Amino acid sequence: MSYLAAHDAAEVAPLPPAPPRQTAFAQTLRIARTRPWPFAGGLALYGLYSSLGLIPALVLKSVLYTLKTGHSPAGLDIWTLIALWFGAQLLPLVAFYFAVWVYITFTTLSRMMIRTDMLAWLMFARGPRKPRGTAGEALSRFRDDVNETLSFMEGWSDTFGQGLYAVQALAIMWFYDAKVTLAVVAPMVLVVVVTQRITAGIHKYSRVAREAEARVTSFVGEMFTAVQAIRVAGAEPRVLDRLEQLNDERRRTAVRYRVYVVLLDTFGVGTSSLALGLVLVLAASDMRNGTFTIGTFTLFASLVGNASSAPRWMGRLLARKRTADVALMRISTLLDDAPDAAITARRPASPRAAPPGPPLDRLEVRGLTSIHPSSGQGVRDVSFTLKRGEVLIVTGRVGAGKSTLLKAVIGLLPMQAGEVLWNGEAVDDPATFLTPPRVGYTAQSPRLFTESLRDNILMGLPDDGRVAEAVRLAVLEDDVKQLGSGLETLVGTRGVTLSGGQVQRSAAARMFARRPELLVFDDASSALDVRTEHTFWERLFASGQHTCLAVSHRLEAYRRANEIIVLDGGRIGARGTLRDLLAESPLFREIWHEQAHASAVAHQHAEPAE
């Protein structure tokens with residue numbers, strides 16, 4: 001179970017809370033300003049729907065008064081009043097239909113806008129963008145937290161309508177009997193006080209429940225993508241036990257959260273009954289002496305239920321506000337340094353393809369320092385110059401900072417010091433500038449999508465012959481012939497149907513398809529056999545026109561490098577040509593001899609198979 005414990009600690013542990021930069025109220029106003037007329041129209045229609053609900057009660061009082069006295073105060077006969085009563089029952093339904101249509105349209109568009117803006121910030125914003133936490137947690141924020149934010153906004157319409165109804169109903173009841181009306185108001189005040197207490201628990205357990213749900217989502221995703229590893233380790237029972245534990249935790253936190261929510265609703269319903277009981281008690285004596293008629297009592301009975309429920313709706317809104325505050329905090333944690341208006345941009349700007357511009361003449365890195373905050377490891381004060389057509393290889397022991405260096409150069413990791421220059425001009429934001437067609441990058445552990453091999457290579461680019469060229473440069477043509485459907489073969493989740501070497505070469509083909517000025521790859525040939533690796537480097541540099549910055553431990557790469565940088569503890573321990581380093585660097589000689597021995601062993605294992 002150690003690997004499960006490590007997973008929980010490193011992958012699905014709750015993210016440190018980021019203080020919300022804005023409250024749910026402020027965010028709602030921002031969303032409303034993106035589409036002010038639908039928002040205002042929806043509120044107005046809900047207010048109209050609630051106000052129309054007063055008419056049946058007033059008509060019913062007139063009907064009872066007419067039946068008792070024989071004449072109507074409005075001069076209408078009994079049948080006209082009954083017809084008005086039926087009409088008053090239908091009008092709110094019409095208003096409700098249009099109110100729901102307008103408001104649901106508004107909130108649906110707003111939900112799409114927020115998710116689009118969140119994705120745009122993660123994909124296109126300046127600087128390195130890497131979502132904190134696991135993919136499951138990110139999906140939970142996109143799905144559940146956005147829904148919670150909009151759920152609070154949807155509560156505005158109900159609360160506005162109920163509040164408007166309550167104000168009008170209390171004014172009508174006050175007109176007929178102030179003493180009884182005050183009795184109706186008393187439980188409403190009590191609801192407001194108790195609601196403040198209950199919503200504090202809702203705020204607490206809302207966050208805990210969200211985190212527990214995100215842990216389950218993340219673990220299930222990891223479990224499905226690691227089925228083979230689980231089966232090989234014989235860990236199926238332990239994995240399922242862990243999933244059961246996470247589900248139990250989610251169930252407990254969800255139950256606590258729902259208890260508070262149901263308690264809030266139950267208390268509100270109870271106060272409505274209490275208010276009606278007080279009306280009966282206080283009106284009894286007045287009804288006996290005739291000052292409080294049956295019609296007036298019917299009016300009060302019709303109005304008091306909805307009027308006294310206004311605080312309950314306000315309590316629901318406050319509960320949703322608490323939950324929305326938690327949701328916004330989680331979204332802020334995901335988006336990290338996004339400004340307040342980042343998720344209400346409505347039309348987020350997407351980066352255009354980098355203009356061709358002048359071809360690469362030289363890439364300069366000066367005093368680059370990039371340190372991981374959690375570990376304190378990284379690279380310090382690294383400088384080099386790479387000219388067009390040259391090959392610069394970065395090597396060193398495990399943990400020396402090789403991958404960190406490459407990622408920092410192209411903006412995938414932040415720099416604490418130093419600068420990158422392209423043709424002598426400082427690059428302000430490497431993350432957005434050093435992209436295709438300027439720079440192509442292949443990671444040490446590349447990711448493929450659950451699409452066809454062709455789609456993984458092109459990723460939206462037109463196929464103008466570049467796929468065939470990229471497949472050839474990546475030494476992938478024989479593999480494509482062996483696949484069941486060639487380039488149309490679905491590679492499965494993260495390329496599970498391909499071997500490690502095929503995944504690396506597929507990612508390299510994706511890089512080649514961009515035809516970049518500078519190739520940057522991190523140990524892209526580590527999973528290749530000796531013969532394939534030789535062909536890979538031979539084709540790559542056959543024309544002598546490719547400029548390459550790469551991490552590698554392979555002898556073939558060393559032989560083709562114009563310069564080799566040896567990192568030692570995050571700093572440059574040695575640099576020079578292959579001949580210079582073999583003569584002057586003890587560390588590089590050790591690395592060279594280790595790789596030479598490994599290559600000889602690989603040759604011995606490959607010969608019998610041939």
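This one's a predicted model, so the numbers in the text were calculated from it and none came from an experiment.
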Checklist entry - Can you name the side chain to side chain donor-acceptor pair (under 3.5 Å) partners of D580, sequence neighbours left out? => result T577
Item to check | Rounded distance (nearest 0.5 Å) linking atom CG of D145 with atom CG of L150 | outcome: 12.0 Å
Item to check | R215 (side chain) donor-acceptor with L246 (main chain) under 3.5 angstrom | outcome: no
Next on the checklist: Distance check, rounded to the nearest 0.5 Å: F512 atom CZ versus L476 atom CG?
Outcome noted: 10.5 Å
Checklist entry - Once the angle between the rings of F536 and F521 is folded into 0 to 90°, is it parallel (under 30°), tilted (30 to 60°) or perpendicular (over 60°)? => result perpendicular
Next on the checklist: side chain to side chain contact (heavy atoms under 4.5 Å, CB included), that's the test. Do N423 and L360 meet it? Break it down for me.
Outcome noted: CA-CA 6 Å; N423 291 344; L360 171 65; 3.9 Å; yes
Item to check | N/O donor-acceptor pair under 3.5 Å between T369 side chain and D381 backbone | outcome: yes
Checklist outcome for this item: Output for pair (D568 CG, F588 CZ), nearest 0.5 Å, gives 13.5 Å
Checklist entry - Hey, does L461 have a side-chain heavy atom less than 4.5 Å from the side chain of R466? => result yes
Checklist entry - So do the side chains of L29 and R33 get within less than 4.5 Å of each other, counting heavy atoms only? => result yes
Checklist entry - Taking the side chain from E419 and the backbone from A426, do they hold a donor-acceptor pair closer than 3.5 Å? => result no
Checklist entry - Parallel, tilted or perpendicular: which describes the rings of W422 and F433, with under 30° parallel and over 60° perpendicular? => result perpendicular
Next on the checklist: For L458, is there any backbone N or O sitting under 3.5 Å from a side-chain donor or acceptor partner on R514?
Outcome noted: yes
Next on the checklist: With a 3.5 Å distance limit and no angle check, can you tell me whether H553 reaches the backbone of G396 through a side-chain donor-acceptor pair?
Outcome noted: yes
Next on the checklist: As a test of understanding, state which of V391, L582, I591 forms a side chain to side chain contact (heavy atoms under 4.5 Å, CB included) with Y558.
Outcome noted: I591
Checklist entry - Looking at side-chain heavy atoms only, is the closest gap between T547 and L519 below 4.5 Å? => result no
Next on the checklist: Could you check whether any side-chain N or O of R141 sits under 3.5 Å from a backbone N or O of R330, counting only pairs where one atom can act as donor and the other as acceptor?
Outcome noted: yes
Checklist entry - When you check the gap from the basic side-chain N to the acidic O, do E477 and R539 get nearer than 4.0 Å? => result yes
Item to check | D325/F152 under side chain to side chain contact (heavy atoms under 4.5 Å, CB included): CA gap, chis, key distance, verdict | outcome: CA-CA 10 Å; D325 282 338; F152 169 64; over 6 Å; no
Item to check | Sidechain N-carboxylate O distance under 4.0 Å for R397, E594 | outcome: yes
Checklist entry - Would you say R115's side chain and R143's backbone share a donor-acceptor pair under 3.5 angstrom? => result yes
Checklist entry - Any sub-3.5 Å donor-acceptor pair from Q416's side-chain atoms to I371's backbone N or O? => result yes
Checklist entry - Does D523 offer a backbone N or O that forms a donor-acceptor pair with the side chain of Q504 under 3.5 Å? => result yes
Checklist outcome for this item: Closest non-hydrogen atoms of A431 and G411, given as atom of the first, atom of the second and distance, are CB-O, 3.5 Å
Item to check | Side-chain heavy-atom pair Q444, K402 within 4.5 angstrom cut-off | outcome: no
Item to check | Spacing of CZ belonging to R560 relative to CG belonging to L578, to within rounding of 0.5 Å | outcome: 12.5 Å
Checklist entry - When rounded to the nearest 0.5 angstrom, what is the spacing between NE2 in H546 and CZ in R388? => result 10.0 Å
Checklist entry - Checking side chain to side chain contact (heavy atoms under 4.5 Å, CB included) for the pair L448/R510: CA distance, chi angles, key distance, verdict? => result CA-CA 10 Å; L448 298 182; R510 180 165 59 198; 3.9 Å; yes
Checklist entry - Where do L498 and S506 land on the side chain to side chain contact (heavy atoms under 4.5 Å, CB included) test, with the steps shown first? => result CA-CA 9 Å; L498 305 179; S506 298; 3.8 Å; yes
Checklist entry - Quick check: does any side chain N or O of D522 sit under 3.5 Å from a backbone N or O of V551, one acting as donor and the other as acceptor? => result no
Checklist entry - Could you state the interatomic distance from CZ (F384) to CG (L363), rounded to the nearest 0.5 Å? => result 6.0 Å
Item to check | Any P437 side-chain heavy atom under 4.5 Å of R515 side chain | outcome: no
